[in-house]
Protein chains: 2
Amino acid sequence: MEHDEARERLLAAAEALYYARGIHAVGMDEVRDRAGVSLARLYRLYPSKAHLVAGYLRARDARWRARLAGWVEAHAADAGPRARLLAVFDWLGRWFAEPDYRGCAFINAWGEIGPADDLVAAAVREHKELFRDYLVGLADGLEQPVDVAEQIQTLAEGAMVTSAILGGQAAVRARSAAEAVLR
Amino acid sequence: MEHDEARERLLAAAEALYYARGIHAVGMDEVRDRAGVSLARLYRLYPSKAHLVAGYLRARDARWRARLAGWVEAHAADAGPRARLLAVFDWLGRWFAEPDYRGCAFINAWGEIGPADDLVAAAVREHKELFRDYLVGLADGLEQPVDVAEQIQTLAEGAMVTSAILGGQAAVRARSAAEAVLR
DNA sequence: CCGCATCGAGAACGACCGTTCTAGGCTAGC
DNA sequence: GCTAGCCTAGAACGGTCGTTCTCGATGCGG
């Protein structure tokens with residue numbers, strides 16, 4: 001087995017288990033079993049659980065933002081900034097409706113570990129900053145793109161939380177609020 | 001020591017420790033030490049850690065909503081629904097600026113435990129529902145109080161998350177967005 | 001003053017977790 | 001074919017956590 005293949009298998013296993021059940025509820029043995037990788041190799045690739053968790057978060061960040069950007073590209077590529085930003089909430093609605101939706105992995109990780117571990121905290125902060133930067137890019141052309149993007153982000157984060165805890169049509173409500181912000 | 005006094009001391013200790021450091025990072029022994037209560041009595045009052053956590057969340061919910069309502073009462077009592085709802089964000093800004101602000105205890109608890117424990121999940125959901133109901137009450141007089149209140153809640157939840165992870169003036173941005181929603 | 005029930009302090013227990021170690025097997029070069 | 005080096009599976013270790021147990025102290029009725 002190649003080193004990169006083992007790394008991919010570990011990240012896939014970590015993502016499936018950590019996102020579904022939480023980080024502290026999943027032990028290293030379980031990740032190793034699912035990935036089919038020896039414990040020694042796991043610790044050679046990720047010298048501690050914090051490293052593995054940070055790797056999981058970074059991998060998920062990349063895939064999450066790629067999925068979001070792909071959707072917006074496909075549905076509002078040549079639209080104006082307002083339509084592009086509203087498309088974000090359409091994608092959120094589809095995400096929330098997935099059967100294995102468990103909220104935002106980064107908000108959850110923050111709640112579990114928070115600033116107690118620097119590696120994990122940095123990965124969470126980076127993800128939220130990159131999300132913000134992406135929204136700022138979508139807002140390009142508006143009068144105050146940064147302010148608008150940060151308000152849109154606040155709505156998106158709130159929708160993720162509300163949808164996870166209370167369910168319901170959180171994305172639709174957030175989209176309505178976003179329309180007001182963008183008017 | 002009275003039973004009720006022991007209960008109060010336990011809840012105060014649990015709140016201080018759990019909110020500051022997270023739930024799974026604080027053991028029962030530490031709660032017992034800070035509360036000055038015997039372990040036997042702790043388990044007589046709360047037959048498991050989940051019960052204690054749920055008790056902590058319910059106590060915090062009551063105090064949190066009372067503080068919020070007190071502020072709104074004091075600063076926008078006889079104002080209209082728009083001013084009352086905006087006052088919520090002024091209070092959030094003051095809360096976020098407290099030195100020991102660690103985000104929303106309920107969002108954090110959801111991220112840590114989530115639906116894995118029914119007692120905790122129910123306490124979290126109930127808090128968010130009560131917050132929603134309070135906002136619906138503040139929105140009384142608007143055309144669509146429920147829709148507006150839920151959009152305001154989305155902004156508030158997003159502000160709590162963003163403020164905890166990224167810092168900055170999340171409450172101010174959320175307030176600006178709320179002004180747009182309420183226009 | 002004695003017997004009894006209650007209670008508190010902390011030891012003890014079993015489970016689990018992150019991490020390291022060990023023993024055995026496979027591979028490759030000579 | 002043999003040996004040296006790497007890999008794996010899984011045992012082992014130290015620590016921690018939630019929970020229970022032990023045991024001695026204390027208060028009280030007779």
Side-chain angles (χ1 to χ4, degrees), chain A residues 1-57 108-109 111-114 116-121 123, chain B residues 1-57 108-109 111-114 116-121 123:
Chain A
M1 191 189 298
E2 303 271 334
H3 269 232
D4 289 353
E5 185 190 340
R7 190 170 236 121
E8 272 177 34
R9 292 166 64 88
L10 277 171
L11 288 179
E15 174 157 2
L17 293 169
Y18 287 154
Y19 182 66
R21 310 223 314 271
I23 291 168
H24 83 262
V26 173
M28 299 293 267
D29 287 1
E30 205 171 346
V31 176
R32 177 213 46 187
D33 285 350
R34 185 185 250 255
V37 165
S38 84
L39 213 48
R41 177 173 254 180
L42 195 172
Y43 274 94
R44 218 172 303 126
L45 292 172
Y46 297 98
S48 77
K49 182 171 183 175
H51 287 80
L52 177 61
V53 170
Y56 144 63
L57 290 175
N108 292 345
E112 274 200 70
I113 299 174
D117 184 280
D118 291 340
L119 277 173
V120 175
Chain B
M1 191 188 299
E2 301 273 332
H3 270 232
D4 289 353
E5 187 190 340
R7 188 169 239 123
E8 272 177 35
R9 293 167 63 88
L10 278 170
L11 288 180
E15 174 156 4
L17 294 169
Y18 288 153
Y19 182 67
R21 311 222 315 271
I23 292 168
H24 84 262
V26 173
M28 300 293 268
D29 287 0
E30 204 170 347
V31 176
R32 180 220 35 198
D33 285 350
R34 184 185 252 257
V37 165
S38 84
L39 214 47
R41 178 172 257 182
L42 196 170
Y43 274 93
R44 219 172 302 126
L45 292 171
Y46 297 98
S48 77
K49 182 171 184 176
H51 287 81
L52 176 61
V53 171
Y56 144 64
L57 290 175
N108 292 346
E112 275 200 67
I113 299 175
D117 186 279
D118 291 341
L119 277 174
V120 175

- Would you indicate which nucleotide in D:dT8, C:dT20, D:dG18 comes nearest to any side-chain atom of A:Y43?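 Of the candidates, C:dT20 comes closest.
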
- Query: Considering only C:dG8, C:dT19, C:dG10, which nucleotide approaches the side chain of B:L39 most closely?
  - Reply: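 Comparing C:dG8, C:dT19, C:dG10 against the side chain of B:L39, the answer is C:dG10.
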
Could you tell me the separation between the [atom1] atom of [X] and the [atom2] atom of [N], rounded to a whole number of Å?
{"X": "B:D29", "N": "C:dG8", "atom1": "CG", "atom2": "C1'", "value": "14 Å"}
{"X": "B:R44", "N": "C:dC7", "atom1": "CZ", "atom2": "P", "value": "6 Å"}
{"X": "B:H51", "N": "D:dT19", "atom1": "NE2", "atom2": "P", "value": "10 Å"}
{"X": "B:R32", "N": "C:dG10", "atom1": "CZ", "atom2": "P", "value": "7 Å"}
{"X": "B:H24", "N": "D:dT16", "atom1": "NE2", "atom2": "C1'", "value": "12 Å"}
{"X": "A:K49", "N": "C:dC16", "atom1": "NZ", "atom2": "P", "value": "14 Å"}
{"X": "B:D33", "N": "C:dA11", "atom1": "CG", "atom2": "P", "value": "12 Å"}
{"X": "B:L45", "N": "C:dC7", "atom1": "CG", "atom2": "P", "value": "11 Å"}

- Query: Does any non-hydrogen side-chain atom of A:L52 lie less than 4.5 Å from one of A:M28?
  - Reply: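 With C-beta onward as the side chain, the pair touches.
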
- Is any side-chain heavy atom of A:K49 less than 4.5 Å from a side-chain heavy atom of A:I23?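 In short, these two side chains touch, coming nearer than 4.5 Å.
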
- Task: Using the side chain to side chain contact (heavy atoms under 4.5 Å, CB included) rule, take B:L57 and B:Y18 through it: C-alpha gap first, then chi angles, then the decisive distance, then the call.
- Result: CA-CA 10 Å; B:L57 290 175; B:Y18 288 153; over 6 Å; no

- Give A:V26 one of three labels, base, sugar-phosphate or nothing, depending on what nucleic acid heavy atoms sit under 4.0 Å from its own.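 A:V26: backbone/sugar contact only, no base atoms under 4.0 Å.
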
- Message: Please determine whether a side-chain nitrogen or oxygen atom of B:R41 lies at a distance below 4.0 Å from atom OP1 or OP2 of C:dC7.
- Response: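 No, outside the criterion.
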
- Query: When you match A:A25 and A:A40 each to their closest nucleotide on DNA chain C, which lands nearer the 5' end?
  - Reply: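 By nearest-heavy-atom nucleotide position, the 5'-most residue is A:A25.
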
- Please round to the nearest 0.5 Å and tell me the distance separating atom CZ of B:R32 and atom CG of B:L10.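 Rounded to the nearest 0.5 Å, the CZ-CG separation comes to 11.0 Å.
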
